[in-house]
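First the structure, in the form of structure tokens, and then the observations on it.
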Amino acid sequence: MPLLKNILPALADNCDLKQCEAFKFRDCEVKAIKLTTGSPCSTHADLFDQWPGPEKNIVEWYVLDSGHVVGKGTDGSGKEFYPVMRLDSN
């Protein structure tokens, strides 16, 4: 499985993101990629799911082997942000 920094290279080499919580998960394996927009066909329905957190404008998110998820979104000015949350194991 790929590492988060391989899918989001900005987390590997962007000095501005070193203060971002997602930066500490850059070496975690990505178990699944989820898209929040689009029109899924029946064979790809597992790819589409809503971001489980309260943040808006998340376009895709990544399920990590650590039990966390990292979203990729943009704010009103077009700047990317990467929210992190832990998924409940229930």
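Here, residue 1 is the first one in the sequence, and each next residue gets the next number. Computed from a predicted structure; not experimentally measured.
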Looking at side-chain heavy atoms only, is the closest gap between [X] and [Y] below 4.5 Å?
X	Y	value
Trp61	Thr36	yes
Val69	Leu64	no
Glu29	Leu3	yes
Val59	Leu35	no
Val70	Pro83	no
Asp27	Lys5	yes
Lys72	Leu8	yes

Rounded distance (nearest 0.5 Å) linking atom CG of Asn6 with atom CZ of Arg26
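Separation between the atoms: 12.0 Å.
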Nearest 0.5 Å, what's the CE-CD distance between Met85 and Glu55?
7.5 Å
Sorted by first residue and then second, give each salt bridge (charged side-chain N to carboxylate O under 4.0 Å, His left out) pair with at least one member in residues 57-67; sequence neighbours left out.
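Non-adjacent pairs meeting salt bridge (charged side-chain N to carboxylate O under 4.0 Å, His left out): zero.
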ILVMFWY network linking Phe81 to Trp51, side-chain heavy atoms under 4.5 angstrom
yes
Identify whether Val84 and Ile7 are in the same connected component of the hydrophobic contact network (ILVMFWY, side-chain heavy atoms under 4.5 Å).
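Val84 clusters together with Ile7.
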Minimum heavy-atom distance between Ile33 and Tyr62, given as atom pair plus value
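Looking at all heavy atoms of both residues, the closest pair is CG1-CD2, 3.8 Å.
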Might you point out which heavy atoms bring Leu4 and Ala22 nearest each other, and give the distance in Å?
CD2-O, 4.3 Å
Going through the checks in order, is the side-chain contact (heavy atoms from CB on, under 4.5 Å) test met by Tyr82 and Glu80?
CA-CA 7 Å; Tyr82 304 95; Glu80 287 186 351; 2.4 Å; yes
Keeping Arg86 on the side-chain end and Ser66 on the backbone end, is there a donor-acceptor pair under 3.5 Å?
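Present.
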